[in-house]
2 protein chains.
Amino acid sequence: MADRIQRRADALSKELIVAAAIEILDAGGERALTFRALAARLATGSGAIYWHVADKNDLLAAATDEVIGRVMAGAISGAEPREAIRAIALGVFDAIDAHPWVGAQLHREPWRSAMLQICESIGGRLQALGVPERGLFDAASALVNYILGVASQNAANARLVPLETDRSDFLATVAARWAQLDPAEYPFVRQVAAQLREHDDREQFLAGIDLIMAGIATLR
Amino acid sequence: MADRIQRRADALSKELIVAAAIEILDAGGERALTFRALAARLATGSGAIYWHVADKNDLLAAATDEVIGRVMAGAISGAEPREAIRAIALGVFDAIDAHPWVGAQLHREPWRSAMLQICESIGGRLQALGVPERGLFDAASALVNYILGVASQNAANARLVPLETDRSDFLATVAARWAQLDPAEYPFVRQVAAQLREHDDREQFLAGIDLIMAGIATLR
DNA sequence: ACCTGAACACCGTTCAAGT
DNA sequence: ACCTGAACACCGTTCAAGT
C-alpha cells in the first residue's frame, strides 16, 4: 500500500467542505466544482462528502448562505434606513462581484435563508422609513427582484467572460457590437453603446436602487 | 434490418429542432431536454442534431430567442409609451410564466438578441416619454434588470415546484413556513407571510414596474 | 450535404466494504 | 459514526462510416 493516496488525518465537517467548495468556485467557476475535484482537494473519497452534505444542490445552497450571511452580518450598522438599504444592496452587489456563482445560485433556491435575510433587512428598513402598510410588500418585492436581476446579470457576464479578461476591454467589445447593430432596428441600443463603454456597473446599480426608492417615496 | 428504428423521411432543420426542443422544455422542464430525448422525438440520431446546432447552449439560446421574439413581434402596437412599457413587461412576464425555462436562460446569454430586443423596446419608449438624456441608460437598465429578476425568480419557483402542484397550495405552504420563522430574527417576513398567500404574482410584478416608472418620472 | 449511432470522456450519486 | 472508492446510470459531444 506504499502508493496509496495520502488521506486526511483530521475529521471532515460540513464547514470544511463548504469552505473548500467556495475556494473551488471562486477559482474556477461553477463548472470546476465537481465531487471528484472537491474530494481531491479535501484528500478524501467522493462518497465521504455525502455523509455531510445531501447532494450538490445542498452544497451550493450552503456555500451561498455562507457568503450572503457574511454580508448580512456586516451590515447590521444602525444607519439611517435609506442609507442602510443602499448599504445592504451594495453589500450583495459586491459579494456577487467577488463570487459570481452566488448570483446564479440566488434564484435557484429562492426561499433559502440567504433570500430571506435580504428580504428581512430591506423590508425592515422600508418599514422604518414609514412606507405605508399597503405598499410595503410590493416595495420590498421590487427592490429584492431588482437586486436579483442585477445579480443574475453579473453572474452571467462572469460566466461568459474568461477569468483573465480585462473589464474595460470586455465592455469595449460589447459596445462595439452594439454600435454595429442595424440603426433601423436598434436605434436606442446603438445610441447608448457609447455610454455602455464608460459606465460603472456599481454606480448604475445604485442609480437603479435610487430610482426605485424615489418611486417608493411617491407612495406616501 | 426489419427491427430498425423508424427514421424520419423529410429533412431536419434548425427550426424543426428548436420547435421540438421547446415542446420538450415546456413539457418536462430543463432537465428533460437531452440530445437523446430530442433525437428520439425527431426520429433521428443524436449526432444529426449537431449538424444544425452548435451545442446545447446554442439550442437553448435559439429556443429563448424564438419565444421572446414572438412576444416582441406581438408588442409593436402604437400605444402610449407608458402603456407600451407595461405591455412589453407583461408580455415577457407571461411568456416566462408559460415557458419557465426561458427565465433561467435569459441571464445566461445576456447579450443575445432576446435581451437586446427587450432593451430596445423599453429604451425607445422611455425616450418617447421624454426621460432626460442623462437618466435614460440608467432608467432602461433598472427596468430590464427588474424584469430579469422577476423572470429568474419565476423560473426558480417553477423548477422547485412539481409541475402538477396547485399554485395557491404552494403559496400557502411557503406562507406557512414564513409564519413559523423566529419573530425576533424575521419580524418583517413573518408579517408579510399572510399577504404572500393572497398576492397575485402578475399584479405584484406590475406594481414594481409602476414603482420604477414613478421613480423615473421624478427625474425630469 | 446530411445523417447514423457507437464510443469517449466526463458527470452526480450509491453502496458494499472497511475502520 | 464516519470514510473508501469502485460501480452505476446517466450526460454532452465527437467522429468514422454510411447515403
Side-chain angles (χ1 to χ4, degrees), chain A residues 1-25 27-64 101 104-105 108-109 159-160, chain B residues 1-25 27-64 101 104-105 108-109 159-160:
Chain A
M1 298 279 179
D3 58 348
R4 200 173 216 269
I5 297 164
Q6 188 63 43
R7 299 276 94 153
R8 59 185 303 113
D10 53 328
L12 220 49
S13 71
K14 184 154 183 175
E15 289 78 50
L16 276 172
I17 292 169
V18 169
I22 291 177
E23 282 174 34
I24 292 176
L25 287 162
E30 234 153 329
R31 298 183 42 145
L33 183 66
T34 68
F35 277 79
R36 283 164 179 80
L38 193 52
R41 174 180 280 252
L42 289 166
T44 184
S46 62
I49 297 167
Y50 281 89
W51 186 262
H52 300 275
V53 153
D55 53 21
K56 192 168 183 179
N57 238 338
D58 183 30
L59 179 58
L60 278 165
T64 304
W101 50 271
Q105 193 55 27
R108 266 195 222 149
E109 295 275 348
R159 199 166 354 194
L160 238 60
Chain B
M1 296 282 176
D3 58 347
R4 201 174 215 269
I5 297 166
Q6 188 64 43
R7 299 277 94 153
R8 60 186 302 114
D10 54 328
L12 221 49
S13 70
K14 183 153 183 175
E15 289 76 52
L16 276 173
I17 292 169
V18 169
I22 290 176
E23 282 174 35
I24 292 176
L25 286 162
E30 235 152 330
R31 297 185 42 148
L33 182 65
T34 68
F35 277 80
R36 283 164 180 81
L38 193 52
R41 174 179 281 252
L42 289 167
T44 184
S46 62
I49 297 165
Y50 281 90
W51 187 262
H52 301 275
V53 153
D55 53 21
K56 192 167 183 179
N57 237 338
D58 183 30
L59 179 59
L60 278 165
T64 303
W101 49 273
Q105 193 56 24
R108 265 196 223 148
E109 295 275 348
R159 198 165 355 193
L160 237 59

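Chain letters run A, B, ... following the sequence lines, proteins first, then strands; residues in each count from 1.
Atom pair B:Leu59:CG and D:dG12:P shows a separation of 10 Å (rounding to whole Å applied). Atom CG in B:Leu60 sits about 12 Å away from atom C1' in D:dG12, given to the nearest Å. Between the P atom of C:dC15 and the OH atom of A:Tyr50 lies a distance of 12 Å, rounded to the nearest Å. Computed from coordinates, the A:Arg7 CZ to C:dG18 P distance equals 17 Å when rounded to whole Å. If you measure from atom CG of B:Asn57 to atom C1' of D:dG12, you get 12 Å, rounded to the nearest angstrom. D:dC15 atom P lies 14 Å from atom CH2 of B:Trp51, rounded to whole Å. Here the C1' atom of nucleotide D:dC2 and the CZ atom of A:Arg8 are 12 Å apart, to the nearest Å. A:Glu30 places its CD atom 15 Å from the C1' atom of C:dG12, with the value rounded to the nearest Å.
A:Arg8 has its side chain within reach of A:Leu16: a pair of non-hydrogen atoms, C-beta onward, lies under 4.5 Å apart.
Taking both residues in full, the closest heavy atoms of B:Leu38 and B:Ala21 are given as CD1-N, 3.8 Å, listed atom of the first, atom of the second, then distance. Taking all atoms of both residues into account, the shortest heavy-atom contact from A:Ala32 to A:Ala37 is O-CB, 3.8 Å. Nearest approach of A:Phe35 to A:Ser46, heavy atoms of both residues: O-CB, 4.1 Å. Contact between A:Thr64 and A:Gln105 at its shortest, heavy atoms only, is OG1-CG, 2.9 Å. Pairing each heavy atom of A:Val18 with each of A:Ala63, the nearest pair is CG1-CA, 3.7 Å.
Residues passing the side chain to side chain contact (heavy atoms under 4.5 Å, CB included) test with B:Ala104, sequence neighbours excluded: B:Glu30, B:Arg108, B:Ala155, B:Arg159. Here B:Lys56 pairs with nothing under the salt bridge (Lys or Arg N to Asp or Glu O under 4.0 Å) rule; sequence neighbours left out. In this structure B:Glu23 satisfies the side-chain hydrogen bond (donor to acceptor under 3.5 Å, both in side chains) test together with B:Arg41, sequence neighbours excluded.
Of the residues in residues 11-23 of chain A, none has a non-hydrogen atom less than 4.0 angstrom from any atom of DNA chain C.
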Within the sub-3.5 Å range, which N or O atoms of nucleotides 6-11 of chain C have a protein N or O partner, and how far apart are they?
{"residue": "C:dC11", "atom": "N4", "partner": "A:Arg36", "partner atom": "NH2", "Å": "3.4"}

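The distance from atom CG of B:Leu42 to atom CD1 of B:Ile17, rounded to the nearest 0.5 Å, is 6.5 Å.
Of the residues A:Leu59, A:Asp58, A:Ile49, the one that meets the side-chain contact (heavy atoms from CB on, under 4.5 Å) test with A:Lys14 is A:Asp58.
Stem analysis of DNA chain C (Watson-Crick or G-U pairs, both distances under 3.5 Å, runs of at least three) returns C:4-8 with D:12-16, C:12-16 with D:4-8.
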